[in-house]
Peer 1: 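Take a look at the following structure, please.
Just so it is clear, the values below take in all heavy atoms, side chains as well, and ignore hydrogens, waters and symmetry mates. Chain naming here is simple, since letters A, B, ... match the order of the sequence lines and numbering starts at 1 in each.
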Amino acid sequence: MVLITLPDGSTRQFDGPVSGADLAADIGPGLAKAALAIRINGEMVDLATVIEEDSNVSIVTVKDEDALELLRHDCAHVLAQAVQDLFPGTQVTIGPSIENGFYYDFAREKPFTPEDLPKIEARMAEIVDEDLPFKRSVMDRNDAITFFEGKGEAYKAELIQDLPEGEEISLYSQGDWIDLCRGPHLPSTGKLGKAFKLMSIAGAYWRGDSRNAMLQRIYGTCWPDPKKLKAYLHMLEEAEKRDHRRLGREMSLFHIQEEAAGSVFWHPKGWTLYRAVQDYMRKRLDDAGYVEVNTPQLVDRSLWEKSGHWEKFREHMFITEVEEKLLAIKPMNCPCHVQIFRQGIKSYRDLPIRMAEFGSCHRNEPSGALHGIMRVRAFTQDDAHIFCTEDQITSETKIFIDLLMSVYKDLGFDEVVVKFSDRPEVRAGEDATWDKAEIALTEATAAAGLETILNPGEGAFYGPKLEFVLRDAIGRDWQCGTLQVDFVLPERLDAAYIGEDGEKHRPVMLHRAILGSFERFLGILIENHAGRFPLWLAPVQAVVTAITNDHDEYAQKVYDTMKAAGLRCEIDLRNEKINYKVREHSHAKVPAILVVGGRESENNTVAMRRLGSQQQEVVALNEAVAKLRTEAAGPLG
RNA sequence: GCCGUCGUAGCUCAGGGGUAGAGCACGUCAUUGGUAAUGACGGGGUCGGCGGUUCAAUUCCGCCCGACGGCACCA
């Protein structure tokens, strides 16, 4: 007797062991058809799995979130079969489901070409039409190794080799194609449907290690139905439209050119945006008790040796020679900030010192890592170092987190995830010190009411860190802020303060950034707003234009009034139709268009049209200016 | 750095062994039009760079640079 409890609490009794498929059929023919897998006591297994004991069982259908993962994993298998059918001699390796799809890594002498993808897709569709059942079988570990080696599948054999001795190896077959796989799978390839698409080809190192061979990866996307596939492809198109590189060009914010790969040429409009963010940050830091400094770009090797950068970071540093001395362009600001701290004698009464710099840094990033303005070689951090006592770590962290959250909110980001990285295996400092630092950070995040995700062993060698990840308007995650506790650098660079006891003590340094780098953050900001910035950030806040040239004089008066009120305004007196001008300035994403004609000039009004609206509002000039001015003041009022 | 793709006008792209083409943008002229494209005409290119093959290369081949999609990296 087997007693099965369903999710709604109802039970069904069977005379003996029963398969998932039989159970579904017993419940109803509709469900039998829709069933893709079952979950026994929470664990997802094949529909064909025989339930031997009394269990809680649920039937997984396409409506189930987890079904998507099955679907995508199956799609990867079908891809692998199609590839091996079409390209004999290609070895299979791994093919997991990932967000929005799946990939499969193949070992093959000759890389795939984009033209191969449609052919592979066509073969995949045939395999789906064949409706081949996925069949699970098990094999002894050694037999499995021999089996895959015999097939010339060296990578699979290596994977099995690494599984523990005595482990049962499961294999799945579809038709005469067979693969090592933990499962579970759908009942048959026909259940997969055809809402999939191969997206791209890429190189990927075997086991993610750059010392290993490079495999050929094929990425695909897969959905329960064609409608969802279409929606996903549409979302990709929309994301492309807000790509900061595209908007940067279209809106003339910045450009990058060959001769300065990895560095940004900021155009007037982009620089205006940059300054708006920088001015805002400067004000926030000032209010939060920071002092602002500025430190050298070129610093002698000896300082980098003392700080440890010469040893640990040299390959990322740009080094130059001047009069037989080696100088490095600073990749970080911290050693320089310690130099300022070291000037004069510091008392415990001076702490904490919150030293900020919009620090321009250069790092020699690998060419393949460069990406628009998001990953560059020359960038400016909103960097600061808080020199404090160990006792102040918790309170300073709490204050910092509150500041950071408030800044993100002002800039349009409400969702923030915090990662906590604790001690790595290779580290400097005593365990007792690490205990103290980790506890201090934990307490601070708790006091700030934050939940954190633990990133075990991912801390810096000198101390634990918090990483702040924000989610943008279309659900993408970006790591921006950070806070790192550092006991090592003050020691290496001999920073000290005089304590209450009259003795010298080491301060702790908190390395912290909110935006991370301006370049990267502005890239995120552009994409988050899709270029349609709130008025306080918009490079051009308003354009004044006239219906005909007869009203140019009044338009000029409106423009002058706007300028005098401190608004970033442009005037468009071109001899063009109003439709044309409205269209053009709307495309340029200007938040406010002020149109004036005979009626407006007579009444001292403007017809104001806000971006995104199809209508305009006629208001008194002084009223319009006052309104825009308030809005342009931004979150700081 | 590694694998792949790409590089033609300001932008988006077509073309192809015999010194290049479209749309938009730009300029000139006409037009003065009430809220998302007025019309006509015109200017504009060392076809990413350097070599090679060829009577002839933007086109074919090689190397280099850069961008893009990934991988690795993000200290």
Side-chain angles (χ1 to χ4, degrees), chain A residues 98 103 105-108 110-117 199-219 240 243 245-246 249-250 252 255-262 307-309 311-317 331-332 334 361 363-372 374-377 379 424 426 458-462 465 467 479 482 484 511 516-517 520 543 545-552 573-588 593-600 607-618:
Chain A
I98 53 171
Y103 67 79
D105 284 348
F106 300 95
R108 184 166 181 252
K110 203 169 156 244
F112 298 105
T113 67
E115 293 75 53
D116 292 333
L117 295 185
M199 303 298 284
S200 61
I201 304 159
Y205 296 110
W206 167 237
R207 298 195 152 176
D209 189 327
S210 59
R211 288 166 301 190
N212 290 341
M214 180 147 280
L215 306 172
Q216 301 301 321
R217 175 173 297 181
I218 296 179
Y219 279 97
E240 206 181 309
D243 187 306
R245 292 164 298 192
R246 176 177 175 150
R249 183 176 57 241
E250 286 176 358
S252 190
H255 86 269
I256 291 178
Q257 68 188 48
E258 276 193 39
E259 291 87 342
S307 70
H309 287 84
E311 186 198 343
K312 301 225 182 237
F313 204 66
R314 194 176 167 185
E315 63 185 83
H316 297 280
M317 290 161 71
M332 295 184 201
C334 22
C361 295
R363 296 181 191 176
N364 192 1
E365 302 285 355
S367 56
L370 302 180
H371 177 89
M374 302 274 213
R375 189 84 184 268
V376 285
R377 292 192 174 126
F379 54 93
V426 183
E458 291 294 311
F461 75 93
Y462 47 74
K465 63 181 175 188
E467 285 169 344
Q479 190 181 308
T482 181
Q484 303 169 13
H511 304 244
S517 92
R520 180 177 157 78
V543 170
T545 191
I547 302 283
T548 74
N549 292 123
D550 292 344
H551 313 109
D552 282 0
L573 298 180
R574 289 175 306 169
N575 170 16
E576 294 291 351
K577 289 190 175 174
I578 196 63
N579 288 299
Y580 180 88
K581 292 192 280 194
V582 164
R583 177 185 153 86
E584 203 170 69
H585 298 303
S586 298
H587 278 160
I593 300 173
L594 307 186
V595 176
V596 295
R599 298 200 289 272
E600 287 77 14
M608 180 157 67
R609 178 183 171 125
R610 300 300 305 258
L611 183 59
S613 164
Q614 301 296 326
Q615 274 132 38
Q616 47 281 341
E617 194 191 354
V618 178

Peer 1: For the residue pair Gln616(A) and Val595(A), establish whether any side-chain heavy-atom pair is separated by less than 4.5 Å.
Peer 2: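 No; the side chains remain at least 4.5 Å from each other.
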Peer 1: Rounding to the closest angstrom, what is the interatomic distance between rU53(B) and rG15(B) at atom C1'?
Peer 2: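 Result for the C1' pair: 23 Å, nearest Å.
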Peer 1: P atom, rA72(B) versus rC11(B): distance in rounded Å?
Peer 2: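 Roughly 33 Å separates the two P atoms.
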Peer 1: Heavy atoms only, 4.0 Å cut-off, all strands: where does Ser210(A) land among base, sugar-phosphate and nothing?
Peer 2: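 The answer is sugar-phosphate, as Ser210(A) gets under 4.0 Å only of primed atoms, P, OP1 or OP2.
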Peer 1: Check the phosphate of rC71(B) against Tyr103(A), side-chain N and O only, distance under 4.0 Å to OP1 or OP2. Yes or no?
Peer 2: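 No, no such contact exists.
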Peer 1: Is any side-chain N or O of Arg609(A) under 3.5 Å from a base N or O of rA36(B), one able to act as donor and the other as acceptor?
Peer 2: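 Donor-acceptor pair under 3.5 Å: yes.
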Peer 1: With a 3.5 Å cut-off and just heavy-atom distances, do the side chain of Arg108(A) and the base of rC3(B) make a donor-acceptor pair?
Peer 2: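 Such a pair does not exist between side chain and base.
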Peer 1: Charged N to carboxylate O below 4.0 Å: is that the case for Asp209(A) and Arg207(A)?
Peer 2: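 No, this pair does not count.
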Peer 1: Nearest to the side chain of Arg599(A), which nucleotide is it out of rU35(B), rG34(B), rG70(B)?
Peer 2: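 Nearest nucleotide to the side chain: rG34(B).
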Peer 1: Of the listed nucleotides (rU38(B), rU35(B), rC3(B)), which one gets closest to any side-chain atom of Tyr580(A)?
Peer 2: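 Per side-chain heavy atoms of Tyr580(A), the pick is rU38(B).
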Peer 1: For the backbone of Gly597(A) and the side chain of Glu600(A), can you confirm whether one donor and one acceptor N or O come within less than 3.5 Å of each other?
Peer 2: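 A pair under 3.5 Å: yes.
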Peer 1: Side chain of Gln216(A) only, please: which of rA25(B), rA36(B), rC3(B) is the nearest?
Peer 2: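 Of rA25(B), rA36(B), rC3(B), rC3(B) is nearest to the side chain of Gln216(A).
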Peer 1: Of the candidate nucleotides rC2(B), rU38(B), rA36(B), which contains the atom at the shortest distance from the side chain of Glu576(A)?
Peer 2: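 Closest nucleotide among those given: rU38(B).
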Peer 1: If you measure from the P atom in rU38(B) to the same atom in rA25(B), how many Å do you get, rounded?
Peer 2: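 Going atom to atom, P in each nucleotide, I get 10 Å.
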Peer 1: Just by modelled atom types, is the Glu365(A) backbone N or O under 3.5 Å from a matching donor or acceptor in the Arg377(A) side chain?
Peer 2: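 Answer holds: yes.
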Peer 1: Could you work out the separation of rA67(B) and rA30(B) based on their P atoms and round it to a whole Å?
Peer 2: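 Rounded to whole Å, the distance is 46 Å.
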Peer 1: Extract from the structure each pairing of a protein N or O with an N or O of nucleotides 63-67 of chain B at less than 3.5 Å, listing the distance.
Peer 2:
from	atom 1	to	atom 2	distance (Å)
rC65(B)	O2'	Glu258(A)	OE1	3.4

Peer 1: Polar-atom pairs under 3.5 Å, protein N or O versus N or O of nucleotides 11-13 of chain B: list them with distances, or write none.
Peer 2:
from	atom 1	to	atom 2	distance (Å)
rC11(B)	O3'	Arg249(A)	NE	3.4
rU12(B)	OP1	Arg249(A)	NH2	3.1

Peer 1: Give the minimum heavy-atom separation between Leu215(A) and Phe106(A), together with the two atoms involved.
Peer 2: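 Result for this residue pair: CB-O, 3.4 Å.
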Peer 1: Say we look at rG4(B) and rC74(B): how far apart would their C1' atoms be, to the nearest angstrom?
Peer 2: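 That atom pair is separated by 23 Å.
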Peer 1: Are any side-chain N or O atoms of Lys312(A) and backbone N or O atoms of Ser307(A), one a donor and one an acceptor, separated by less than 3.5 Å?
Peer 2: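 No; judged by distance alone, with no hydrogens or angles, the pair does not exist.
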Peer 1: Which nucleotide, rU5(B), rG34(B), rC26(B), lies nearest any side-chain atom of Glu600(A)?
Peer 2: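 From the listed options, rG34(B) comes nearest.
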Peer 1: Would you indicate what Gly208(A) reaches in the nucleic acid, counting non-hydrogen atoms under 4.0 angstrom: base, sugar-phosphate, or nothing?
Peer 2: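 Counting heavy atoms under 4.0 Å across all strands, the contact made by Gly208(A) is with sugar-phosphate only.
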Peer 1: Does Gln614(A) or Thr113(A) map to a spot on RNA chain B nearer the 5' end, using the closest nucleotide for each?
Peer 2: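 Residue closer to the 5' terminus by nearest nucleotide: Thr113(A).
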Peer 1: Side chain of His316(A): nearest nucleotide among rU35(B), rG4(B), rC73(B)?
Peer 2: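 Comparing rU35(B), rG4(B), rC73(B) against the side chain of His316(A), the answer is rC73(B).
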Peer 1: Does a distance-only test, which skips hydrogens and angles, find a donor-acceptor pair under 3.5 Å between the side chain of Tyr205(A) and the base of rG1(B)?
Peer 2: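 Side chain to base: pair found, below 3.5 Å.
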Peer 1: Between rA57(B) and rG48(B), how far apart are the C1' atoms? Round to whole Å, please.
Peer 2: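 Comparing C1' positions in rG48(B) and rA57(B) gives a spacing of 16 Å.
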Peer 1: Rounding to an integer number of angstrom, what distance separates rC47(B) and rU35(B) when you compare their P atoms?
Peer 2: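 About 47 Å, rounded to a whole number of Å.
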Peer 1: Which base sits across from rG1(B) as a Watson-Crick or G-U pair, both distances under 3.5 Å?
Peer 2: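 Paired with rG1(B), as far as the under-3.5 Å criterion goes, is rC71(B).
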Peer 1: Taking donor-acceptor contacts at under 3.5 Å, does the side chain of Asn549(A) reach the base of rU32(B)?
Peer 2: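 Side chain to base: pair found, below 3.5 Å.
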Peer 1: Which residues pass the ring-ring contact (aromatic ring centres under 6.0 Å, His included) test with His309(A), sequence neighbours left out?
Peer 2: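 With sequence neighbours excluded, His309(A) shows a ring-ring contact (aromatic ring centres under 6.0 Å, His included) to Trp304(A), given in chain and number order.
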Peer 1: If you define the side chain from C-beta out and look only at heavy atoms, does anything of Arg609(A) sit under 4.5 Å from Glu617(A)?
Peer 2: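 When only atoms from C-beta onward are counted, Glu617(A) and Arg609(A) do not touch, as no gap falls below 4.5 Å.
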Peer 1: Looking at rU46(B), which nucleotide sits across from it as a Watson-Crick or G-U wobble partner, both distances under 3.5 angstrom, or is there none?
Peer 2: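 Base-paired to nothing in any strand shown.
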Peer 1: I'd like to know whether CD of Glu240(A) has more than 12 heavy-atom contacts from other residues, nucleotides or ligands below 6.0 angstrom.
Peer 2: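 No.
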Peer 1: Relative to the 5' end of RNA chain B, which residue comes earlier, Gln616(A) or His309(A), by the nucleotide with the nearest heavy atom?
Peer 2: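 Here Gln616(A) is the residue nearer the 5' end.
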Peer 1: Give a yes or no on whether Glu315(A) atom CD has more than 12 heavy-atom contacts from other residues, nucleotides or ligands under 6.0 Å away.
Peer 2: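 Not more than 12 within 6.0 Å, no.
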Peer 1: Which value, in whole Å, describes the distance between the C1' atoms of nucleotides rC13(B) and rU8(B)?
Peer 2: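 After rounding to an integer number of Å, I get 9 Å for this pair.
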